[in-house]
2 protein chains.
Amino acid sequence: MDVVDSELHLVAAGRLRTAGQRFTANRRALVDVLADTPRPLAVHDILSIRADLPQSSAYRNLMVLEHAGVVRRVSGADGFARFELAEDLMGHHHHLVCSSCGSVQDFDAPPQLERAVARTAERVAVETGFGIRDHHLQLTGLCAACSR
Amino acid sequence: MDVVDSELHLVAAGRLRTAGQRFTANRRALVDVLADTPRPLAVHDILSIRADLPQSSAYRNLMVLEHAGVVRRVSGADGFARFELAEDLMGHHHHLVCSSCGSVQDFDAPPQLERAVARTAERVAVETGFGIRDHHLQLTGLCAACSR
DNA sequence: CTTTCTGCAAACGATTTGCAGCAGC
DNA sequence: GCTGCTGCAAATCGTTTGCAGAAAG
């Protein structure tokens, strides 16, 4: 476990404590699995990486972690819930979604695009009364495996 | 029913026919409900607008319409599937999602932003081997009702 | 007539929850 | 010890499917 990991653990523990929750072994396992993967994972994926985690605890703890602001839920193209670390822990990024197999991959946008999105978000907020918290670009298509 | 509606019906009928399907009353009803709403609808919403549609037929026909390219499935923030008319029937647009109640609202992006997104999509396609078909910007926050 | 569609009811499957025992503070 | 966490098994609920009859062409 390197410095970045232990920092991540400290932040996670702090946010859980603030939410009146403990940072248990199961929760640490979930955070570690998500930190090790450059894409959002479905519960099924998490369970196949860490077969020792019981399903119900995984679901329950992902909800706790989401509520504590450690984890973010991402809705994929298929009906499966996917999870990744919260953006302030992972870094801001966007998603590439395969419309055939539902897999999701992270990518970054250039600063110019980020600025253009921010300007539009501000305009839309004023026009609609929405309090905009965050934005997210999704590119949809066929992943390399599915287009073969 | 005005000219635009009847054109929509003709296009829908044509795409269904191409897919070996008929344009029945139930399917017309689904297309009409979606055409009348400036936001994607969950099945629950559709059924409360058209209470005469049986659930199973609604689900089955939405699948048929999606497969025929008349309707597009949008995954919201909550776990509910939402549907809207295909982009070439509706016009290109983006979504504003309320993270509290899950509601979705359409909005348009300025051409400058669209161009910036297109450029990035092209770059990402080359870098990842993804065949990118379409893109979609999602702004997340609290809708006017939920932030009160 | 043949093929597709419909509507009911039953099945499915991802997710959630009740509960009795265990663990952290 | 009290409060929260775990893991099992059962319940939930959006969605899908089998089937017998109705409708379209």
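Lettering follows sequence order; numbering is per chain, from 1.
Across the interface with DNA chain D, nearest-nucleotide mapping of B:Phe23 and B:Phe80 shows B:Phe80 to be the residue nearer the 5′ end.
Side chain to side chain, A:His94 and A:Glu114 meet the donor-acceptor criterion of an N or O pair below 3.5 Å. Between the side chains of A:Asp32 and A:His9, at least one donor N or O lies within less than 3.5 Å of an accepting N or O. No hydrogens or angles considered: nothing links the side chains of A:His136 and B:Gln138 as a donor-acceptor pair under 3.5 Å.
In this model, the phosphate group of D:dG4 is not approached by any side-chain N or O of A:Thr24 to a distance below 4.0 Å at OP1 or OP2. Note on A:Tyr59: a side-chain N or O is less than 4.0 Å away from OP1 or OP2 of C:dT15. Side-chain nitrogen and oxygen atoms of B:Gln21 include at least one within less than 4.0 Å of the OP1 or OP2 phosphate oxygen of C:dC5. For D:dT6, one of the phosphate oxygens OP1 or OP2 lies less than 4.0 angstrom from a side-chain nitrogen or oxygen of A:Asn61.
Checked by distance alone, B:Arg22 brings a side-chain donor or acceptor within 3.5 Å of a matching partner on the base of C:dT3. Not a single donor-acceptor pair, N or O on each side, falls under 3.5 Å between the base of D:dG4 and the side chain of A:Arg60.
In this entry the distance linking CG of B:Leu62 with P of C:dC5 reads 14 Å, nearest Å. In this structure, CG of A:Leu47 is placed 14 Å from P of D:dT6, rounded to the nearest angstrom. Taking atom CZ of A:Arg28 as the reference point, atom P of D:dT6 lies 11 Å away to the nearest angstrom. If you take CE of A:Met63 and P of C:dT15, they are 12 Å apart, rounded to a whole angstrom. Atom C1' of nucleotide D:dA11 and atom CD of A:Gln55 are separated by 14 Å, given to the nearest angstrom. In this structure, the CG atom of A:Asp78 is 11 Å from the P atom of C:dA14, given to the nearest Å. Per the geometry, CD belonging to A:Glu66 stands 13 Å off C1' belonging to C:dT15, to the nearest Å. Per the geometry, CD1 belonging to B:Ile46 stands 14 Å off C1' belonging to D:dG14, to the nearest Å.
Of the listed nucleotides (C:dT3, D:dT6, C:dT17), C:dT17 has the atom at the smallest distance from the side chain of A:Ser56.
Between A:Asp45 and A:Arg39, none of the side-chain N atoms (NZ, or NE/NH1/NH2) sits under 4.0 Å from a carboxylate O, so this pair counts as no salt bridge. Between B:Asp134 and B:Arg72 there is a salt bridge, with a side-chain nitrogen of the basic residue lying less than 4.0 Å from a carboxylate oxygen of the acidic one.
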